[in-house]
Amino acid sequence: MPTTSAQNQRVLSGMRPTGRLHLGHYHGVLKNWIELQHTHECYFFVADWHALTTEYDNTEIIAASVTDMVIDWLAAGVSPGTASLFIQSRVPEHAELHLLLSMMTPLGWMERVPSYKDQQEKLKEKDLATYGFLGYPLLQSADILIYKAGHVPVGEDQVAHVELTREVARRFNHIYGKESDFETKAQKAIAKMGKKSAKLYNNLRKEYQEQGDEESLNVAKALLDSQQNISVGDRERLFGFLEGSGRIILPEPQALLTKAAKMPGLDGQKMSKSYGNTIALREDPKQLTTKLRTMPTDPARVRRNDPGNPDKCPVWQLHAIYSPQEVQDWVKQGCTSAAIGCVECKQPVIDSVLAELKPIQERAREYEQDLNTVQSIINDGCEKARDIARDTLEDVRKSMGLVYR
Ligand code: TRP
Ligand code: SF4
């Protein structure tokens, strides 16, 4: 049951720094971030600790990729004016929350996360039977919960991690959201809303609790959101009171699934560094052209006048992303009748990719030559993030009864 309120529109997402970004990242993730930054309060971070879980014996890769990745984000159009960009390890509060959450997270929940066994299978050459690797998704939960983020834009493979985060939040709120005088405090908070709103709240709560009417729950949440004269603590209490639980300290986030189609790589498989089929955002235009010119086509087209079938050709998948209808018709017609050659067919794709990357590469060059600016963007982002993280952690410590120091 979602406990995010309309107030909780904060967006958070992270990426592991394990090398330069490519078109797969751009179409799959970054374009989505860039859209969200116009409508939501966004926090995007470099998940360097997450990279350590698999690269603990190869930390140079991480160090070399951190700033580079932020440059790729900025070059792609992530705007430091509207989004905050930061580095996970510069906000050590993530680590404390991870530790605290680890105390109440059942081991079985961690072992059941599908990526745990999948990744161990996939990366057989690495010893991933580590404590840190098992804890990876819980560290991700801490990343999300420490900002009380309502939305987490991720790919399909990360949905299970957001799901775990929701369960952990629910458990946390259940255990620590209880106050001995919860009911009294909730009643007092209701009174503060004024007669009319209080009556409405009580009716909606009753409808939800007695009949399970989700609509009443949503209306009640919207009502709480619109209240100007109650404190954050009271609002959390009243959210919790609606569902009969305690105070909601850590709201449950939602996964925001990226709707973008999978970006095909040069061989028709999903674009990914591990397949060696990528085009980097900062790929040299000459090299890019060569890569596309030499990429495989329908194997049936051995000679120029052999007809082909676009459905069996990875170039066609790129046309599907980059080319307007007329060009696609031209490809279909020309390929199946052998009226065009593959070199000719690839040219519009080459032109489109070059045009797409041109402004990105120009911006990247500017940032490469002005690393001070990049550093200060990161510093600002870290500070902003840390302010929020500190507040949440204080509340977490308090609700766990850890305020004796
Ligand atoms: N696990 C994510 C990935 O591999 C990266 C990540 C770490 C993340 N923490 C996060 C994504 C928090 C979203 C929110 O892509
Ligand atoms: Fe592929 Fe185009 Fe060649 Fe047909 S003409 S096989 S679609 S590259």
Side-chain angles (χ1 to χ4, degrees), residues 10-18 21 24-25 28-30 32-33 42-55 69 86-89 91 94 97-98 113 115-116 118-119 133 135-147 149-162 164-165 253-258 264 266 268 272 292-320 323 327-350 385:
R10 193 174 286 144
V11 166
L12 173 105
S13 199
M15 235 188 245
R16 294 179 309 138
T18 50
L21 300 188
H25 296 111
V29 185
L30 290 175
N32 198 23
W33 286 12
C42 290
Y43 287 80
F44 300 127
F45 74 98
V46 181
D48 56 340
W49 281 337
H50 276 94
L52 266 184
T53 58
T54 53
E55 308 295 329
M69 195 161 79
F86 67 97
I87 297 168
Q88 184 181 34
S89 61
V91 189
H94 290 225
L97 184 59
H98 177 212
V113 174
S115 58
Y116 179 56
D118 289 357
Q119 289 293 100
F133 187 70
Y136 184 112
L138 191 63
L139 178 58
Q140 185 162 351
S141 299
D143 298 337
I144 298 168
L145 295 175
I146 203 147
Y147 299 103
H151 304 286
V152 186
V154 283
E156 200 89 56
D157 60 322
Q158 298 289 313
V159 173
H161 296 173
V162 180
L164 172 79
T165 306
Q254 307 270 14
L256 253 187
L257 258 186
T258 314
L266 292 164
S272 158
L292 287 165
R293 283 221 175 106
T294 54
M295 74 181 272
T297 60
D298 176 0
R301 290 204 77 180
V302 184
R303 280 172 296 265
R304 166 68 178 75
N305 48 9
D306 291 332
N309 177 358
D311 291 333
K312 294 188 177 146
C313 176
V315 179
W316 172 247
Q317 295 186 46
L318 292 177
H319 275 295
S323 301
V327 176
Q328 293 190 14
D329 291 345
W330 169 78
V331 172
K332 259 197 204 146
Q333 174 63 31
C335 177
T336 49
S337 63
I340 60 169
C342 292
V343 176
E344 215 179 333
C345 176
K346 286 171 173 177
Q347 195 55 47
V349 170
I350 296 176

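Throughout, numbering of the chain's residues begins at 1 and tracks the sequence. First listed ligand is number 1; within each ligand, the first listed atom is number 1. No hydrogens, no waters, no symmetry mates; every other heavy atom, side chains included, goes into these values.
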Just distances here: any N/O of H161 and N/O of ligand 1 closer than 3.5 Å? no
N or O contact, S13 vs ligand 1, cut-off under 3.5 Å: no
Whether the side chain of R304 engages the backbone of A339 through a donor-acceptor N/O pair (distance < 3.5 Å, no angle test) should be reported. yes
Counting distance only, does the side-chain N/O of D48 pair as donor-acceptor with the main-chain N or O of S89 below 3.5 Å? yes
Distance to 0.1 Å, residue and atom name: give those for the protein heavy atom nearest to [atom].
| atom | value |
| --- | --- |
| atom 9 (N) of ligand 1 | D143 OD2, 2.7 Å |
| atom 10 (C) of ligand 1 | Q140 CG, 3.4 Å |
| atom 5 (C) of ligand 1 | G14 O, 3.5 Å |
| atom 2 (C) of ligand 1 | Q158 OE1, 3.2 Å |

Using the test ring-ring contact (aromatic ring centres under 6.0 Å, His included), find all partners of [X] that sit at least two apart in sequence or belong to another chain.
| X | answer |
| --- | --- |
| H161 | Y136 |
| Y43 | Y147 |
| W49 | none |

Distance check, rounded to the nearest 0.5 Å: [X] atom [atom1] versus [Y] atom [atom2]?
| X | Y | atom1 | atom2 | answer |
| --- | --- | --- | --- | --- |
| K346 | H319 | NZ | NE2 | 10.0 Å |
| D306 | C335 | CG | SG | 10.5 Å |
| L52 | R16 | CG | CZ | 11.0 Å |

Under 4.0 Å from any heavy atom of Y136, which atoms of ligand 1 are there? 1 (N), 2 (C), 3 (C), 4 (O)
What are the atoms of ligand 1, with element, lying closer than 4.0 Å to any heavy atom of V152? 13 (C), 14 (C)
Under 4.0 Å, heavy-atom basis, I'd like to know which part of R16 is in contact with ligand 1: side chain, backbone, both or neither. side chain
Partner of Q140 under side chain to side chain donor-acceptor pair (under 3.5 Å), picked from H98, H50, Q158, is Q158
Note on atom 2 (Fe) of ligand 2: protein N/O/S atoms within less than 2.8 Å are C345 SG
What one should report as the nearest heavy-atom pair of V315 and C345 is CG1-SG, 4.3 Å
